[in-house]
Number of protein chains: 2
Amino acid sequence: MRISAKCSVAIHCLLLISEYGGRLKITSALAAESTGVNPAEIRALMNLMKKAGLIDVKRGVGGAYLMRSTEEITVWDIYQAVDPYGLEKIMGIHPNPSDTCPIGKRIERVLEPSYTKIEESVMLSMQQLRLSDFVETFREMRRKEREERRT
Amino acid sequence: MRISAKCSVAIHCLLLISEYGGRLKITSALAAESTGVNPAEIRALMNLMKKAGLIDVKRGVGGAYLMRSTEEITVWDIYQAVDPYGLEKIMGIHPNPSDTCPIGKRIERVLEPSYTKIEESVMLSMQQLRLSDFVETFREMRRKEREERRT
DNA sequence: AAGCGATGTAAAAATAAAAATTACAATGAG
DNA sequence: CTCATTGTAATTTTTATTTTTACATCGCTT
């Protein structure tokens, strides 16, 4: 799992729960198999989503369950739960500017307001994407594939 | 320079050119001193911006110069020049999903359209931010500081 | 209440990405 | 021709992240 695919893995897990949670018990072993990611990492990820109130994970018996409808879970909710400092990765600020140079000593404060704007627009677009959108895309995809096979 | 501060360093360099390029020759050594980043990295960064047509860098004699007005250089221009794959860092997709699991084998295609939307919104907000905005913020900041000192 | 299949989580090890450094050929003005 | 400088490749170092291992804990089930 390079360059933070955390959010993708999290969505993958949520889709497993949403689409197969009724029939199968979604354990870390099952999700690990499906995602290709280590069970311990899956457990850590699931645990973060549990703490954020998105899912419930049963100890002892095992299994994960949605705590909200798929319309009530946005990508922003997931992203925040699972990779809270992720956004800083696109726009980090260099840590050792000169404190004698007029630009250097102000650069952080000069960049900050604009970076905040960018982050806000990411937040906004993530808030507009819901787990239900992925569910629909997935189901639509299967439907089409089935049709194709019939022709 | 951790977690891709490339864009920040690039903006820092452009501000040096814009604000002090008339009086000083902006060399990699000078920019390295001001940013706290290695001269070789500065040269690489400047070279990328040169290739993107944002600045001109004189070989032999040295020095960097803007090729467009500060209004005509957006953060998106800079970001694209300097860190073209940067956006993938916020939303990477896990590389080894199961190809037998119904979710696993479709996950990449399920995620992609939404991720594209997010990237487009980042692009849009970066396109709305110009180098001139940073110049203004910088000058305004100095002006206020001078005023404060007078009281 | 013992067994069992799970989770939660810490710690260690491995891996990969990114950055810093070094080095030097190429450049072009004077 | 000299000199300060760029362009760039190669190497080393550093740091972040992931993977793995391990095990205490949990709570059904029998």
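A note on names: the letters A, B, ... follow the listed sequences, proteins ahead of strands, and every chain is numbered from 1.
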Inset, instruction - Please state whether the phosphate of D:dT5, meaning OP1 or OP2, lies under 4.0 angstrom from any side-chain nitrogen or oxygen of B:Thr27. - result: no
Inset, instruction - Could you tell me whether the phosphate oxygens of D:dT8, OP1 or OP2, come under 4.0 Å of any side-chain nitrogen or oxygen in B:Asn47? - result: yes
Inset, instruction - Taking all non-hydrogen atoms of both residues into account, name the closest pair between B:Thr100 and B:Lys105 and its distance. - result: O-NZ, 4.5 Å
Can you give me the N/O atom pairs linking the protein to nucleotides 24-26 of chain D at distances under 3.5 Å, or say none if there are none?
unit_1: D:dT25; atom_1: O2; unit_2: A:Arg59; atom_2: NH2; d: 2.9
unit_1: D:dC26; atom_1: O2; unit_2: A:Gly60; atom_2: N; d: 3.4

Legend entry - Stepwise side-chain contact (heavy atoms from CB on, under 4.5 Å) check, B:Tyr20 with A:Ile103: CA-CA 10 Å; B:Tyr20 296 98; A:Ile103 307 273; 3.7 Å; yes
Legend entry - NZ/B:Lys50: more than 12 non-hydrogen atoms of other groups inside 6.0 Å: yes
Inset, instruction - Please test B:Lys144 against B:Glu148 for salt bridge (Lys or Arg N to Asp or Glu O under 4.0 Å), starting from the C-alpha separation and ending with a verdict. - result: CA-CA 6 Å; B:Lys144 275 193 183 148; B:Glu148 300 256 321; over 6 Å; no
Inset, instruction - Return the minimal non-hydrogen interatomic distance between B:Phe134 and A:Leu111, and the atom names on each side. - result: CE2-CD2, 3.7 Å
Inset, instruction - Report the C-alpha distance between B:Leu54 and B:Met67 in whole Å, list the side-chain angles of each, state the deciding distance to 0.1 Å, and finish with yes or no for side-chain contact (heavy atoms from CB on, under 4.5 Å). - result: CA-CA 5 Å; B:Leu54 305 182; B:Met67 292 295 280; over 6 Å; no
Inset, instruction - Check the side chains of B:Thr137 and B:Glu140 for a donor-acceptor pair under 3.5 angstrom, ignoring hydrogens and angles. - result: no
Legend entry - B:Ala44 or B:Asn96, whichever maps to the more 5' nucleotide of DNA chain D: B:Ala44
Inset, instruction - Can you tell me the distance, in whole Å, between the CD1 atom of B:Ile42 and the P atom of D:dT8? - result: 16 Å
Inset, instruction - Using a cut-off of strictly less than 4.0 Å, decide whether B:Lys51 has a side-chain nitrogen or oxygen near OP1 or OP2 of D:dT8. - result: yes
Legend entry - A:Ile17 CD1 - C:dT7 P separation (whole Å): 11 Å
Between the protein and nucleotides 21-23 of chain C, list every N/O to N/O distance that falls short of 3.5 Å.
unit_1: C:dT21; atom_1: OP2; unit_2: B:Asn38; atom_2: ND2; d: 3.0
unit_1: C:dA23; atom_1: N6; unit_2: B:Arg43; atom_2: NH2; d: 3.3

Legend entry - Value in whole Å for how far the P atom of C:dG28 lies from NZ of B:Lys25: 14 Å
Inset, instruction - Calculate the interatomic distance between A:Leu45 atom CG and D:dT19 atom P; express it in whole Å. - result: 11 Å
Inset, instruction - Report the residue from A:Ser125, A:Ser114, A:Ser121 that forms a side chain to side chain donor-acceptor pair (under 3.5 Å) with B:Ser125. - result: A:Ser121
Legend entry - Heavy-atom side-chain proximity of B:Gln128 to B:Val75 below 4.5 angstrom: no
Legend entry - Spacing of B:Met46 atom CE relative to D:dT6 atom C1', expressed in whole Å: 10 Å
Please produce a list of atom pairs where a protein N or O lies less than 3.5 Å from an N or O of nucleotides 11-13 of chain C.
none

Legend entry - Spacing between B:Lys50 atom NZ and D:dG7 atom C1', to the nearest angstrom: 8 Å
Inset, instruction - Quickly work out the A:Leu48 CG to D:dT18 C1' distance and round it to whole Å. - result: 15 Å
Inset, instruction - Measure across A:Met126 and A:Thr74 and return the closest heavy-atom pair with its distance rounded to 0.1 Å. - result: O-CB, 3.8 Å
Inset, instruction - Starting at atom NZ of B:Lys58, determine the distance to atom C1' of D:dA4, rounded to an integer number of angstrom. - result: 16 Å
Inset, instruction - Would you name the heavy atoms of A:Ile42 and A:Ala31 that are closest together and state the gap between them? - result: CG2-CB, 3.8 Å
Inset, instruction - Give a yes or no on this: more than 12 heavy atoms of other residues, nucleotides or ligands lie within 6.0 Å of atom CD of B:Gln80. - result: yes
